[in-house]
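Input: a single structure, listed below in structure tokens.
All ligand and atom numbering here is 1-based and tracks the order in the structure. None of the values given here were measured: they were computed from a predicted structure. Scope of the values below: all heavy atoms of this structure, side chains included, with no hydrogens, waters or symmetry mates.
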Amino acid sequence: MKEILLLKLGELVLKGLNRSHFEKRLMKNLAWRIRHFGEFKIYCMQSTIYVEPQSDDCDIDAACDAATKVFGVVNISRAAECEKDIATIISVAKEYLASSLSSAKTFKVEAKRSDKSFPYKSPEICFEVGGALHDAFENLEVDVKNPEVCVRVEVRDRAAYVHANPIPGAGGLPVGINGKAGILLSGGIDSPVAAYMMAKRGVELFGIHFFSYPYTSERAKEKVIELARLVGVYAGNIKIAMVPFTKIQEEIRAHCKEEYFTIIMRRFMMRIAERVALEKGCGALITGESLGQVASQTMEALGVTENGIDLPVLRPVIGMDKEEIVTIARRINTFETSILPYEDCCTVFTPKHPRTKPKLEYIIEEEKKLAFDSLCDEAIENIEII
Ligand code: ATP
Ligand code: MG
């Protein structure tokens with residue numbers, strides 16, 4: 001029996017040309033994600049993406065699992081493909097769905113006939129297949145409202161498909177259809193979640209990480225690379241610009257008032273990130289800031305932080321509690337890596353009493369003590385892309 005995957009697309013409010021762009025990008029992302037699992041033919045018809053193994057050694061379990069992490073897919077069905085003949089459809093349904101049908105109490109059959117030359121209309125398909133399954137599985141009763149197993153029969157142009165109970169997909173929009181953004185990726189819990197959330201809305205990611213060797217270790221850098229890899233399971237490959245930040249932090253410490261260390265450091269981050277992001281064709285920056293989480297994330301501090309840059313700053317976790325962020329981090333498998341205890345450059349020179357309501361005028365005065373632009377230039381010149 002030939003088994004294939006049927007992927008249902010989400011948010012089809014997108015129309016016309018956008019829709020075909022949406023489908024093409026989704027198929028491209030999917031092809032990349034399943035490339036190691038054998039040769040598959042991927043095509044789109046009637047707003048369903050078909051994933052057909054081309055040989056016996058294709059790993060359809062792995063492909064199915066990978067497909068659950070591709071944004072733009074609402075659900076995934078593993079389906080048996082068969083000849084467009086009612087007796088064949090019935091026997092395939094009995095065999096292919098045997099394990100779920102024999103352990104369930106209730107079921108129903110739904111049918112869709114897009115090939116109008118098929119001699120049975122949809123209600124007739126339901127009647128024939130439903131009757132045969134009812135006879136074959138004595139445990140089953142029909143429940144049209146809330147069945148345990150919903151058997152679906154689709155008679156399409158090329159073949160008929162039998163499947164049941166789809167697996168939920170990742171939802172969202174295909175990565176890449178909503179532009180590209182620079183994600184300020186630290187080693188913490190919040191920024192990988194922020195990255196995931198924007199990728200889910202179709203944004204392609206470019207990572208930017210600030211490190212302060214020797215205050216932060218090589219392991220801290222590897223942790224960020226690992227986090228990008230884990231987010232990449234959903235977001236696709238993420239490159240990271242590793243920005244050396246030691247000199248900037250030492251200069252701030254040497255010349256500025258301690259209570260402003262963090263906020264000035266964050267202003268440097270934003271400005272350097274903006275320059276890197278623009279060079280990489282990004283239309284926005286993303287951070288993992290959450291309102292009120294720490295002194296540098298009060299409303300006043302956020303205002304001062306983003307003053308001086310023009311790109312929009314997307315903060316998808318701004319209104320979330322830490323616990324809600326942690327729940328997502330666990331689900332997407334970044335949590336355990338995020339809590340590995342390596343220093344982040346943000347924590348290296350943390351002031352004892354940071355200002356929670358910084359005034360922009362004072363900060364700008366403080367910054368005049370530093371060679372702001374040349375420090376940024378130097379950091380950017382020494383970026384390593386990973
Ligand atoms: P945590 O879970 O510890 O809060 P975090 O990543 O949110 O981790 P914060 O100190 O709250 O860390 O920083 C707020 C945001 O600033 C981060 O979400 C991230 O976007 C950015 N950021 C902080 N440190 C760095 C860094 N070293 N490199 C790049 N971006 C950073
Ligand atoms: Mg945080």
Judged by modelled atom types alone, do [X] and [Y] share a side-chain donor-acceptor pair under 3.5 Å?
X      : Y      : result
Tyr215 : Glu250 : yes
Glu3   : Tyr96  : yes
Ser186 : Ser191 : yes

Which part of [X] is near ligand 1, with near meaning a heavy atom under 4.0 Å away: side chain, backbone, both or neither?
X      : result
Ile208 : backbone
Lys322 : side chain
Leu185 : backbone

Within 6.0 angstrom of Lys239 NZ, more than 12 heavy atoms from elsewhere: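 12 or below, so no.
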Heavy-atom nearest option to atom 26 (C) of ligand 1, drawn from Gln297, Met269, Gln293, Glu289: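 When every heavy atom of Gln297, Met269, Gln293, Glu289 is considered, Met269 comes closest to atom 26 (C) of ligand 1.
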Of the listed options Thr262, Asp190, Thr287, closest to atom 1 (P) of ligand 1 (non-hydrogen atoms):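 Heavy atom nearest to atom 1 (P) of ligand 1 belongs to Asp190.
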Flag [X] as yes when one of its N or O atoms lies below 3.5 Å from any N or O atom of ligand 1, and as no otherwise.
X      : result
Phe210 : yes
Ile286 : no
Leu184 : yes

Show your working on salt bridge (Lys or Arg N to Asp or Glu O under 4.0 Å) between Arg271 and Asp373 and close with a plain yes or no. CA-CA 10 Å; Arg271 258 175 291 177; Asp373 292 335; 5.6 Å; no
Please could you name the atoms of ligand 1 that Gly288 approaches to less than 4.0 Å, counting only its heavy atoms? 7 (O), 17 (C), 18 (O), 20 (O)
Do the side chains of Lys108 and Glu110 get close enough for a salt bridge, i.e. N-O under 4.0 angstrom?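 Yes, charged N to carboxylate O under 4.0 Å.
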Could you tell me how the ring of Tyr362 sits relative to the ring of Tyr260: parallel (under 30°), tilted (30 to 60°) or perpendicular (over 60°)? tilted
